[in-house]
Amino acid sequence: MQVNDPPLTAAKETWQKQFIIIYAGQTFSLLGSSAVLFSVIWWLTIQTESAITLTLASIAAFIPNMFIGPFAGVWIDRFNRRTVMIAADGLVAFSSLLLGAAFLLTKMPPLWFVYLILLFRGLGNTFHAPAMQAAIPTLVPTHMLTKAGGWGNMIISFSNMLGPVLGATLTGTLPIAAIMLVDICGAIFAIVCLTFVRIPDIPQMGQKSHLLADLKQGFAAMRANKPLMAIFPSMMVMTILYMPLAALYPLLIRLHFNGTAWHTGAANFVFAGGLVASSLVIGLWGGMKRRFLMAAIAIGVMGLGSLVSGALPSSGFWLFLVCCFFMGSSGTFMNVPVMAYTQETIAPEMMGKVFALLMTSMTWAMPVGLLAAGPISERIGVNQWFFWTGFALIFTALLCRLMTAPYDTETMQPARE
């Protein structure tokens with residue numbers, strides 16, 4: 001049953017304008033963040049050539065969500081979501097300023113300081129991502145959420161596609177301290193755009209709220225949604241398996257395909273191109289009516305791409321790019337329908353809590369795979385890790401379909417009004 005009511009939102013005739021302004025700012029912010037993150041990760045790759053180092057860098061970025069994420073959802077539902085996003089963007093800009101200063105003054109900052117900066121950036125994302133997801137249903141009519149999710153995902157993917165290319169270009173032409181300015185300018189632009197958007201406050205309950213009580217309400221709202229709980233285990237397993245792939249692919253390119261920063265930038269570009277293409281498809285088409293079936297198929301495609309990537313010889317980089325395209329495409333077809341269903345069926349006053357819990361759960365799943373991937377891939381080879389992860393993802397897709405099939409009717413896309 002759908003619980004969100006479009007009249008809660010800004011006027012229908014203005015939602016497109018508000019939506020465009022938000023994502024215009026996020027486009028430049030994500031473009032800068034993606035370029036800077038590429039430069040930092042490639043710097044770590046060149047300096048250490050260590051899977052463990054890249055694994056620790058990924059974990060550092062996720063630690064805030066692991067421990068603060070559930071409480072972040074409570075605060076997101078208490079305060080105006082625009083204010084939360086502005087503060088989060090400001091924190092990201094400040095962290096880039098600190099890292100740029102460190103590179104400028106020392107040329108070679110210690111690894112622990114780089115990890116600390118990644119942790120600060122992760123803290124900003126801990127608040128920004130669920131606040132963004134919770135704000136969209138207050139602006140977009142319910143029957144347009146899946147398509148709006150596709151368009152939003154396309155804009156984000158486009159930024160992520162160009163970001164690594166920009167990062168690779170800047171890495172070859174500018175000192176890394178100067179590259180940090182790109183992220184700072186992008187975050188400032190995003191903040192300015194948010195000042196032109198009106199995101200309504202969510203009415204609060206009559207009684208005074210308490211942090212733990214609010215957190216329990218979020219857990220209860222999530223557990224009461226049986227279709228969401230049916231797909232939740234598959235999402236957890238997929239996260240455990242997928243995150244090492246995202247963290248280790250620069251090492252796969254450098255050690256297995258003998259690649260350079262340009263090759264890594266090309267892989268990022270093609271992967272994000274898959275995200276853009278699939279987001280455009282969903283934005284125009286709206287996706288399959290049986291949304292959770294589409295999610296299961298997407299996990300299977302992701303697994304097939306990983307399996308083939310690991311099986312390729314060292315001369316197969318161009319085929320690896322094809323796999324990157326399909327792995328990128330699968331991410332959209334997995335995430336957008338699940339997010340749209342959640343936005344449709346969770347009460348507005350619970351939205352921030354539920355999204356924060358979902359994202360925190362995914363974050364807790366990440367270190368399981370990452371901590372295993374680092375030492376194992378160094379022993380058996382990064383390509384072998386990709387190969388066997390592909391088999392596991394295909395099995396996860398079958399598990400997802402078995403668990404969600406009974407809820408196909410409940411999770412159908414709503415008819416357009």
Side-chain angles (χ1 to χ4, degrees), residues 41 44-45 48-59 61-62 231-259 263-264 266-268 270-271 274-275 295-335 361-404:
I41 293 300
L44 289 172
T45 302
T48 67
E49 293 191 346
S50 168
I52 293 176
T53 297
L54 296 184
T55 297
L56 290 174
S58 297
I59 291 175
F62 299 137
I231 201 170
F232 181 71
S234 300
M235 292 173 65
M236 290 283 287
V237 175
M238 185 206 70
T239 303
I240 291 171
L241 296 171
Y242 173 75
M243 282 314 300
L245 305 182
L248 298 179
Y249 83 92
L251 212 58
L252 178 72
I253 292 171
R254 180 167 175 82
L255 299 183
H256 183 65
F257 294 115
N258 302 310
H263 292 86
T264 304
N268 272 297
V270 172
F271 183 91
L275 285 169
I297 293 173
I299 297 173
V301 171
M302 184 184 296
L304 184 61
S306 176
L307 187 150
V308 174
S309 297
L312 289 173
S314 59
S315 60
F317 176 75
W318 298 108
L319 289 175
F320 172 68
L321 291 183
V322 176
C323 294
C324 286
F325 180 85
F326 283 102
M327 286 191 287
S329 301
S330 64
T332 301
F333 288 112
M334 166 67 197
N335 291 321
S361 299
M362 299 302 107
T363 304
W364 271 102
M366 292 172 186
V368 177
L370 287 169
L371 290 173
I376 293 176
S377 62
E378 288 198 345
R379 178 178 293 272
I380 68 174
V382 181
N383 58 315
Q384 288 296 312
W385 180 269
F386 272 70
F387 181 80
W388 290 109
T389 295
F391 271 113
L393 282 167
I394 291 171
F395 178 79
T396 303
L398 296 175
L399 173 69
C400 179
R401 183 59 195 148
L402 287 173
M403 295 187 68
T404 60

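All values below come from the heavy atoms of this structure, side chains included, with hydrogens, waters and symmetry mates left out.
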- [ ] Can you measure from CD1 (I380) to CH2 (W388) and round to the nearest 0.5 angstrom?
- [x] 9.0 Å

- [ ] State the CD1-CG distance between I231 and L399, to the nearest 0.5 angstrom.
- [x] 10.5 Å

Open item on the list: Looking at F257, I want to see if its CZ is surrounded by more than 12 non-hydrogen atoms of other residues, nucleotides or ligands under 6.0 Å.
Closed with: yes

TODO: Using ring pair (Phe, Tyr, Trp, His ring centres under 6.0 Å) as the criterion, list what pairs up with F387, not counting sequence neighbours.
DONE: F391

Task: Flag side-chain contact, heavy atom, 4.5 Å: F395 against V237 - done: no

Pair up each side-chain donor or acceptor in residues 299-309 with any protein partner under 3.5 Å, not counting sequence neighbours, and list the distances.
residue: S306; atom: OG; partner: F386; partner atom: O; Å: 2.6
residue: S309; atom: OG; partner: G305; partner atom: O; Å: 2.7

Open item on the list: Going by salt bridge (Lys or Arg N to Asp or Glu O under 4.0 Å), name the pairs with one or both residues in residues 244-258, residues two or more places apart or in two chains.
Closed with: E49-R254

TODO: With sequence neighbours excluded, tell me which residues meet side chain to side chain donor-acceptor pair (under 3.5 Å) with H256.
DONE: none

Open item on the list: How long is the straight-line distance from CD1 of I253 back to CG of L321, given to the nearest 0.5 Å?
Closed with: 7.5 Å

Task: Set of side chain to side chain donor-acceptor pair (under 3.5 Å) partners for T389, sequence neighbours left out - done: W385

Open item on the list: Taking side chain to side chain donor-acceptor pair (under 3.5 Å) as the cut-off, I'd like each qualifying pair that reaches into residues 242-251, sequence neighbours left out, listed once.
Closed with: Y249-N268

Open item on the list: I need the single residue from L255, I41, L44 that forms a side chain to side chain contact (heavy atoms under 4.5 Å, CB included) with P250. Which is it?
Closed with: I41

Task: Separation of I297 CD1 from R401 CZ (nearest 0.5 Å) - done: 8.0 Å

Open item on the list: So, taking the atom named OG in S234 and the one named CG in L398, what distance separates them when rounded to the nearest 0.5 Å?
Closed with: 10.0 Å

Task: Donor-acceptor under 3.5 Å (S377 side chain, V382 main chain) - done: no

TODO: Drop me the distance from S330's OG to M238's CE, to the nearest 0.5 angstrom.
DONE: 8.5 Å

